[in-house]
Amino acid sequence: MSCAVSSLTAVSALVTLAAVPAVAASAGPPPVRPEDRAGDHLTVAVAHAGSGKDGTYELFCHPDGGSHPDPAGTCRALAGATEWGRDPFAPVPPGSVCTMIYGGPATAHVTGTWAGRPVDAVYDRSNGCEIGRWDRMVPLLPGLGSA
């Protein structure tokens, strides 16, 4: 009888062990959140730029993706504009002499991470310096042409 009890205990242990992988396999990993992705991530909110240009979109680089109309091209352009020791999202330096050309009511707010650094940049087209700063960020920001 002890042999039967021993066999029953062994079979019971095997059944328990066999059930564990089935439970673990069905659990699956949690969904990937934007902050969990490797690489760079920017959120761009554009307003008053005109029909088809306003809205909010996501850009992921390394690997490229998101709701931006051209993630690969935009990632390449941003990478080309990024230089060691220079912030491509930096504001116009205080005291800059700027032409008083008004480029329209368009505004943009860019947040996220680029090249491992936090980004929180605001753009407008209120004068020649700001228009130039906006234009340097095309295709991240929509191209609006000359004022």
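Applying the disulfide bond (SG atoms under 2.5 Å apart) definition to pairs two or more places apart or across chains, those involving residues 80-124 are C98-C129. Under the salt bridge (Lys or Arg N to Asp or Glu O under 4.0 Å) criterion, no residue pair touches residues 99-123, with sequence neighbours excluded.
The shortest non-hydrogen separation linking P142 to A49 is CG-CB, 4.4 Å. When every heavy atom of P139 is checked against every heavy atom of A77, the shortest pair comes out as CD-CB, 3.6 Å. Smallest separation of non-hydrogen atoms from A72 and D64: CA-OD2, 3.4 Å. Taking every heavy atom of both residues into account, A108 and L141 meet most closely at CB-CD2, 3.6 Å. Of all non-hydrogen atoms in R133 and F89, the two that sit nearest each other are NH2-O, 3.1 Å.
Going from atom CG of L59 over to atom CG of L78 covers 6.5 Å, rounded to the nearest 0.5 Å. Summarising the geometry, atom OH belonging to Y57 is positioned 5.0 Å from atom CG belonging to L140; distances are rounded to the nearest 0.5 Å. Rounding to the nearest 0.5 Å places CD of E130 at 12.5 Å from OH of Y102. Distance check: L144 CG to I131 CD1 gives 9.5 Å after rounding to the nearest 0.5 Å.
Ion pairing between a basic and an acidic side chain is recognised when a charged N comes within 4.0 Å of a carboxylate O; D70 and R76 show no such pairing.
Side-chain N or O atoms of H68 include none that pairs as donor or acceptor with a backbone N or O of V44 at under 3.5 Å. Of the possible donor and acceptor atoms, none in the side chain of T107 sits under 3.5 Å from a partner among the backbone N and O of D124.
V110 is not listed as a side-chain neighbour of M137, based on a closest heavy-atom distance of 4.5 Å or more. Here the side chains of N127 and V92 are not in contact, with every heavy-atom distance at 4.5 Å or above.
The environment of NE2 in H109 is crowded: more than 12 heavy-atom neighbours from other residues, nucleotides or ligands sit within 6.0 Å.
Under the side-chain hydrogen bond (donor to acceptor under 3.5 Å, both in side chains) criterion, T82 pairs with W114, sequence neighbours left out.
Note on V119: it clusters hydrophobically with V138, by side-chain heavy-atom contacts below 4.5 Å among ILVMFWY residues.
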